[in-house]
2 protein chains.
Amino acid sequence: MRDISVLMSPTRRRGDALTTAIFQAVLSELAVSSFEELTFDKIASAAGTGKAALYRRWSTPAELVLAALSDSATGFGDPPAPPGTGALRDDLIALLEHFVRALDQPRGRALLPLIAHRHRHPELFEQVHRLVIRPHQEVLLSVLRQAVERGEAAPGSLTPRIVSVGPRLILLQAWEGGLVDSGEIASIVDEVLIPLTRP
Amino acid sequence: MRDISVLMSPTRRRGDALTTAIFQAVLSELAVSSFEELTFDKIASAAGTGKAALYRRWSTPAELVLAALSDSATGFGDPPAPPGTGALRDDLIALLEHFVRALDQPRGRALLPLIAHRHRHPELFEQVHRLVIRPHQEVLLSVLRQAVERGEAAPGSLTPRIVSVGPRLILLQAWEGGLVDSGEIASIVDEVLIPLTRP
DNA sequence: CAAATAAGGAACAATTTTGTTCACTAATTG
DNA sequence: CAATTAGTGAACAAAATTGTTCCTTATTTG
């Protein structure tokens with residue numbers, strides 16, 4: 001029989017390699033279903049492993065999901081850095097594009113069901129809010145603050161509500177329509193955010 | 001034994017009365033779970049009836065959900081009417097408050113899971129888009145158009161993107177935070193929509 | 001190269017859930 | 001008031017899914 005080991009990843013993954021694969025399977029499953037529908041069965045088969053490997057590591061789906069969300073490789077490890085381009089428009093575009101890219105990954109696509117069913121899993125949603133939403137808002141706020149200092153934006157723009165406009169438009173655009181390309185982002189910035197914050 | 005018929009609705013509901021109760025049960029169930037988790041079992045017990053009454057009317061959950069969404073009593077029968085207050089600000093507030101009220105009913109709370117899992121049920125989402133989202137956008141657009149004619153808004157405001165801002169902010173505010181009160185609506189109108197459409 | 005560790009996959013029984021139907025009786029109709 | 005229609009609740013078997021464990025074997029370690 002022909003040796004296919006060059007085509008496949010090492011036949012039997014171990015340790016962190018397997019853990020990472022499991023995390024990705026968790027997020028992928030979450031992305032197309034919901035937390036309630038998650039089972040060790042589905043996760044194992046999506047990760048291409050046996051259930052025993054999961055039971056050896058975690059005892060409940062909740063534990064596993066929290067671990068996958070917190071993991072720095074597959075989940076939301078590090079908050080985005082302020083772009084610091086020196087111009088408000090460029091900062092906004094850079095930030096929102098980073099956001100769109102995150103939404104297009106498994107971890108991002110896993111967000112929607114978590115938000116949608118937040119009333120069923122307050123603790124999971126709280127985690128998501130702390131790890132994802134909050135940091136993004138902080139960075140956006142700092143970008144706007146710098147713009148105000150440069151005189152590029154009105155001081156009155158520094159409200160939570162205005163800060164939320166960009167991400168929320170992106171989020172719903174992504175959920176309702178599917179893809180959000182660069183043109184869409186530029187339009188949101190030019191048609192909405194810039195006029196909204198103009199001094 | 002004491003007669004409790006004064007306290008309860010007629011012991012045994014029939015015809016449209018029962019159908020309406022079933023529709024409401026469907027939407028309530030949908031609101032706290034998802035389409036995948038809907039079963040004739042849960043619906044029947046939520047509606048306080050037997051499964052046989054359901055099977056006599058519909059043969060699949062999908063049929064039943066579409067019927068509930070389309071029903072004029074429980075679902076989204078009629079599109080909202082343009083408020084026509086004569087002032088843009090008042091029109092916007094009236095419209096968005098109507099929207100918030102709809103979101104706070106079972107039919108509105110059933111929306112989130114449907115949007116969240118739209119990739120799993122394109123036909124259901126299409127229905128929702130046609131029955132709910134589209135009509136709301138049309139009305140908002142007509143309100144803005146009138147404001148432009150009165151010189152209250154810039155002609156450049158008549159874009160689908162700008163029209164979408166209000167409903168999207170409301171939607172996410174409701175989903176992330178819970179309630180959206182009148183103060184919140186007024187703030188959205190005054191901080192975001194009015195500045196955004198100013199001539 | 002031998003021993004130890006841990007992955008893969010299957011087998012398992014138990015619990016839960018499914019759709020469907022039946023008998024009983026309340027409500028309606030003529 | 002008799003006959004018909006239709007809701008209720010229970011019973012049911014079939015099917016699917018659950019968490020858990022065991023055995024074989026690939027990989028690593030000393």
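Chain letters run A, B, ... following the sequence lines, proteins first, then strands; residues in each count from 1.
Listed in residue order, the members of residues 36-43 of chain A having a heavy atom less than 4.0 Å from DNA chain D are A/T39, A/D41.
Considering only heavy atoms from C-beta on, A/F99 comes within 4.5 Å of A/L171 through its side chain. A heavy-atom distance below 4.5 Å is found between the side chains of A/I194 and A/L92. The side-chain heavy atoms of A/T49 and A/I43, taken from C-beta on, include no pair separated by under 4.5 Å.
Listed by first and then second residue, the side chain to side chain donor-acceptor pair (under 3.5 Å) pairs involving residues 102-114 of chain B are B/Q105-B/R107 (not counting sequence neighbours). Listed by first then second residue, pairs satisfying side chain to side chain donor-acceptor pair (under 3.5 Å) with a partner in residues 120-133 of chain B read A/E37-B/R120, B/E36-B/R120, B/E36-B/H121, B/H117-B/R120, B/Q127-B/R130, B/H129-B/R134, not counting sequence neighbours.
One end of the helix from C/dC1-D/dG30 to C/dG30-D/dC1 points its axis 30° away from the other end's axis, with each axis taken from 5 pairs and the angle rounded to 10°.
B/F40 CZ to B/I22 CD1: the interatomic distance, rounded to the nearest 0.5 Å, is 9.5 Å. In this structure, B/I162 CD1 and B/L196 CG are separated by 4.5 Å, a value rounded to the nearest 0.5 Å. One finds the OG atom of B/S164 at 8.5 Å from the CG atom of B/L169 (value rounded to the nearest 0.5 Å).
One finds no salt bridge joining A/E29 and A/K42 here, because no Lys/Arg side-chain nitrogen approaches an Asp/Glu carboxylate oxygen to under 4.0 Å.
Straight-line distance from the CD1 atom of B/I22 to the P atom of D/dA6: 14 Å, rounded to whole Å. We find that CG of A/L54 is positioned 13 Å from P of D/dT18, with the value rounded to whole Å.
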- [ ] Would you mind building the protein contact string for nucleotides 7-15 of chain C? One character per nucleotide, 5' to 3', B for base within reach (heavy atoms under 4.0 Å), S for sugar-phosphate only, - for untouched.
- [x] BSB------
Please tabulate, for the side chains in residues 137-145 of chain B, all donor-acceptor contacts under 3.5 angstrom to protein atoms that are two or more places apart in sequence or on a different chain.
residue	atom	partner	partner atom	Å
B/S142	OG	B/V139	O	2.9

